[in-house]
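Okay, so here's the structure we're looking at.
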Amino acid sequence: MKKELNEKLILEYVDKAIVARENAYAPYSKFKVGAVLVDENGNETSGANIENGSYGLSNCAERSAVFAAASKGMRKIKLIAVVADTTGPVSPCGACRQVIKEFADDDTIIILGNLKRDYKLMTMEELLPYGFEL
Ligand SMILES: O=c1ccn([C@H]2C[C@H](O)[C@@H](CO)O2)c(=O)[nH]1
Ligand SMILES: [Zn+2]
């Protein structure tokens with residue numbers, strides 16, 4: 001998949017994550033995050049962060065996207081793009097890195113971006129080296 005990726009396509013995924021971010025429910029932190037992922041069949045699913053008045057029950061955008069995809073039967077993530085309104089590309093939390101890894105390969109493409117369309121391209125292995133595996 002990496003070979004087929006060019007800047008135009010990367011920015012298309014950044015833009016899709018920006019659209020997904022619009023559905024974020026973040027009345028407490030006001031920090032909206034969006035994610036879009038592509039599975040091995042080319043199917044796309046998106047997610048946004050969904051907060052709760054009991055703050056600890058809030059769910060990040062990345063996990064929303066992965067859980068939505070897995071609930072539809074998706075079992076292999078080939079690419080995931082994440083965006084937030086950050087100065088540089090957003091950096092996913094540790095919990096989300098581990099949850100993405102469950103359905104990823106070492107060479108799964110990770111696109112980290114922001115609303116200015118700055119982006120950083122990396123692999124799963126780079127995002128979470130030495131992650132937990134059963
Ligand atoms: O990579 C990240 C980092 C944070 N959040 C969410 C969790 C919470 O709703 C808000 C502030 O941490 O942003 C994400 O969705 N993804
Ligand atoms: Zn997270």
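Just so it is clear, the values below take in all heavy atoms, side chains as well, and ignore hydrogens, waters and symmetry mates. First listed ligand is number 1; within each ligand, the first listed atom is number 1.
Those atoms of ligand 1 that come under 4.0 Å of a heavy atom in Ser29, given as number and element, are 10 (C), 11 (C). Taking every non-hydrogen atom of Ala61 and a distance limit under 4.0 Å, the qualifying atoms of ligand 1 come out as 14 (C), 15 (O).
By the 3.5 Å distance cut-off applied to N or O atoms, Asn49 is counted among the residues near ligand 1. Between Glu51 and ligand 1, at least one N/O pair is under 3.5 Å apart.
Glu133 and Lys101 are joined by a salt bridge, as a carboxylate oxygen and a charged side-chain nitrogen come within less than 4.0 angstrom of each other. Salt bridge annotation for Asp85-Lys32: absent, with no cationic side-chain nitrogen under 4.0 angstrom from a carboxylate oxygen.
Results of the salt bridge (charged side-chain N to carboxylate O under 4.0 Å, His left out) test with Glu44 over Lys78, Lys16, Lys72 single out Lys16 as the only residue that passes.
Between the side chain of Asp39 and the backbone N or O of Asn41, at least one donor-acceptor pair lies under 3.5 Å. Within the 3.5 Å criterion, the main-chain N or O of Thr86 finds a donor-acceptor partner in the side chain of Asn114.
Look at Pro92 and you'll find a heavy atom under 4.0 Å from some atom of ligand 1.
Ser91 and Arg97 are linked by a side-chain donor-acceptor pair at a separation below 3.5 angstrom, with hydrogens and angles left out of the test.
In terms of protein heavy-atom proximity, atom 3 (C) of ligand 1 is nearest to Phe31 CE2, 4.4 Å. Among protein heavy atoms, the minimum distance from atom 1 (O) of ligand 1 is reached at Glu62 OE2, 2.7 Å.
Here the closest non-hydrogen pair linking Val33 and Asn49 is N-OD1, 2.8 Å.
Rounded to 10°, the angle formed at the Zn ion (ligand 2) by SG of Cys96 and SG of Cys60 is 110°.
By the criterion of a heavy-atom distance under 4.0 Å, both the backbone and the side chain of Cys60 are placed next to ligand 1.
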